[in-house]
Asker: 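Below: one structure in structure tokens.
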Amino acid sequence: QVQLIESGGGLVQAGGSLRLSCVASGRAFITLTMGWFRQAPGKEREFVAMVTRGGFGQYYADAVKGRFTISRDNAKNTVFLQMDSLKPEDTAVYYCAAKDDPVLRTTTREYGYWGQGTRVTVSS
């Protein structure tokens, strides 16, 4: 069973930056495709970014492209989400997710493992 633990959320002013981290355990990290999702109050959980197993491929939602960067350190079993130029509309609980296959997927049902989430609040 894969366990995912996120950290790094908090309160930041618009235009600021935060870096989220997610540590995975229970499986060889290199076998997992990793992603980040977020859920704002009253809204459905939505895709933010994903990174391939080797870390060489990244894919982003249009809303965060150019502002967020996903990366992974396979030696430390950790995936990161660097969030720059934050906007109030980025306010949400951010979830780390993992799946077994390498195929590009952006829907929640494709990811079998989830963290508990970390809250990000961007003030205007």
Side-chain angles (χ1 to χ4, degrees):
Q1 186 72 1
V2 175
Q3 292 83 43
L4 304 173
I5 300 177
E6 305 99 331
S7 63
L11 174 64
V12 64
Q13 287 189 331
S17 298
L18 280 176
R19 189 192 197 203
L20 306 184
S21 300
C22 171
V23 178
S25 61
R27 282 269 301 278
F29 189 60
I30 193 66
T31 67
L32 299 170
T33 299
M34 302 300 297
W36 286 96
F37 289 73
R38 67 186 182 186
Q39 188 165 16
K43 295 188 176 181
E44 293 187 352
R45 194 170 299 188
E46 65 177 5
F47 170 79
V48 174
M50 66 159 287
V51 61
T52 57
R53 292 169 171 174
F56 299 107
Q58 301 87 29
Y59 185 76
Y60 299 92
D62 288 342
V64 307
K65 202 172 295 183
R67 300 187 298 122
F68 290 10
T69 303
I70 189 171
S71 62
R72 65 190 292 164
D73 185 339
N74 286 342
K76 297 182 178 179
N77 295 348
T78 304
V79 62
F80 304 98
L81 185 68
Q82 177 67 40
M83 306 186 295
D84 298 317
S85 303
L86 282 161
K87 304 175 181 180
E89 51 263 45
D90 294 318
T91 295
V93 176
Y94 283 71
Y95 295 90
C96 177
K99 62 188 187 75
D100 298 311
D101 64 87
V103 180
L104 170 64
R105 289 286 186 266
T106 62
T107 56
T108 56
R109 66 177 180 270
E110 299 292 341
Y111 288 76
Y113 310 106
W114 293 87
Q116 297 280 56
T118 185
R119 185 173 301 276
V120 172
T121 303
V122 184
S123 63
S124 57

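Predicted model, so just to flag it, every value in this text is computed and none were measured. By convention here, the first residue in the shown sequence is residue 1.
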Asker: Name all pairs fulfilling the side chain to side chain donor-acceptor pair (under 3.5 Å) condition that reach into residues 30-40, sequence neighbours left out, sorted by first residue then second.
Answerer: R27-T31, R38-E46, R38-D90, R38-Y94, Q39-R45
Asker: Just list the side-chain donor-acceptor pairs under 3.5 Å for residues 79-87, sequence neighbours left out, or say none.
Answerer:
residue, atom, partner, partner atom, Å
Q82, NE2, D84, OD1, 2.9
D84, OD1, S17, OG, 2.7

Asker: Is there a side-chain contact between D100 and L32 in this structure, where contact means two heavy atoms from C-beta onward sitting under 4.5 Å apart?
Answerer: yes
Asker: Tell me which pairs pass disulfide bond (SG atoms under 2.5 Å apart) where either residue lies in residues 21-124, with sequence neighbours left out.
Answerer: C22-C96
Asker: Of all residues at least two apart in sequence or in a different chain, which pass the salt bridge (charged side-chain N to carboxylate O under 4.0 Å, His left out) check with D101?
Answerer: K99
Asker: Who pairs with S7 by side chain to side chain contact (heavy atoms under 4.5 Å, CB included), at least two apart in sequence or on another chain?
Answerer: S21
Asker: Linking directly or through intermediates, with side-chain heavy atoms under 4.5 Å: list the remaining ILVMFWY members grouped with F56, chain and number order.
Answerer: none
Asker: Could you pull out all residues at least two apart from E89 that satisfy side chain to side chain donor-acceptor pair (under 3.5 Å)?
Answerer: none
Asker: List in chain and number order the residues that pass side chain to side chain donor-acceptor pair (under 3.5 Å) with K65, two or more places apart in sequence or in another chain; answer none if no residue qualifies.
Answerer: D62
Asker: Can you sort out the partners of Q116 under side chain to side chain contact (heavy atoms under 4.5 Å, CB included), two or more places apart, ordered by chain and number?
Answerer: E6
Asker: What pair of heavy atoms forms the shortest contact from R53 to P102, and how long is it?
Answerer: NH2-CD, 3.7 Å
Asker: Please tabulate, for the side chains in residues 103-111, all donor-acceptor contacts under 3.5 angstrom to protein atoms that are two or more places apart in sequence or on a different chain.
Answerer:
residue, atom, partner, partner atom, Å
Y111, OH, R105, O, 2.9

Asker: Once side chain to side chain contact (heavy atoms under 4.5 Å, CB included) is applied, do any residues pair with I5, and if so which ones, sequence neighbours excluded?
Answerer: none
Asker: Determine whether more than 12 heavy atoms belonging to other residues, nucleotides or ligands lie under 6.0 Å from atom OH of Y60.
Answerer: yes
Asker: Are Y59 and V48 joined in one hydrophobic group, where the rule is that I, L, V, M, F, W and Y side chains link up if heavy atoms are under 4.5 Å apart?
Answerer: no
Asker: Write down the atom of S123, the atom of L11, and the distance for their closest heavy-atom approach.
Answerer: CB-CD1, 4.4 Å
Asker: Does F68 share a hydrophobic cluster with M34, counting links as ILVMFWY side-chain heavy atoms below 4.5 Å and allowing steps through other members?
Answerer: yes
Asker: Search all heavy atoms of L4 against all heavy atoms of V2 and return the closest pair with its distance.
Answerer: CD2-CG1, 3.8 Å
Asker: Do V64 and F37 sit in one hydrophobic cluster, given that two such residues count as connected whenever their side-chain heavy atoms are within less than 4.5 Å of each other, even indirectly?
Answerer: no
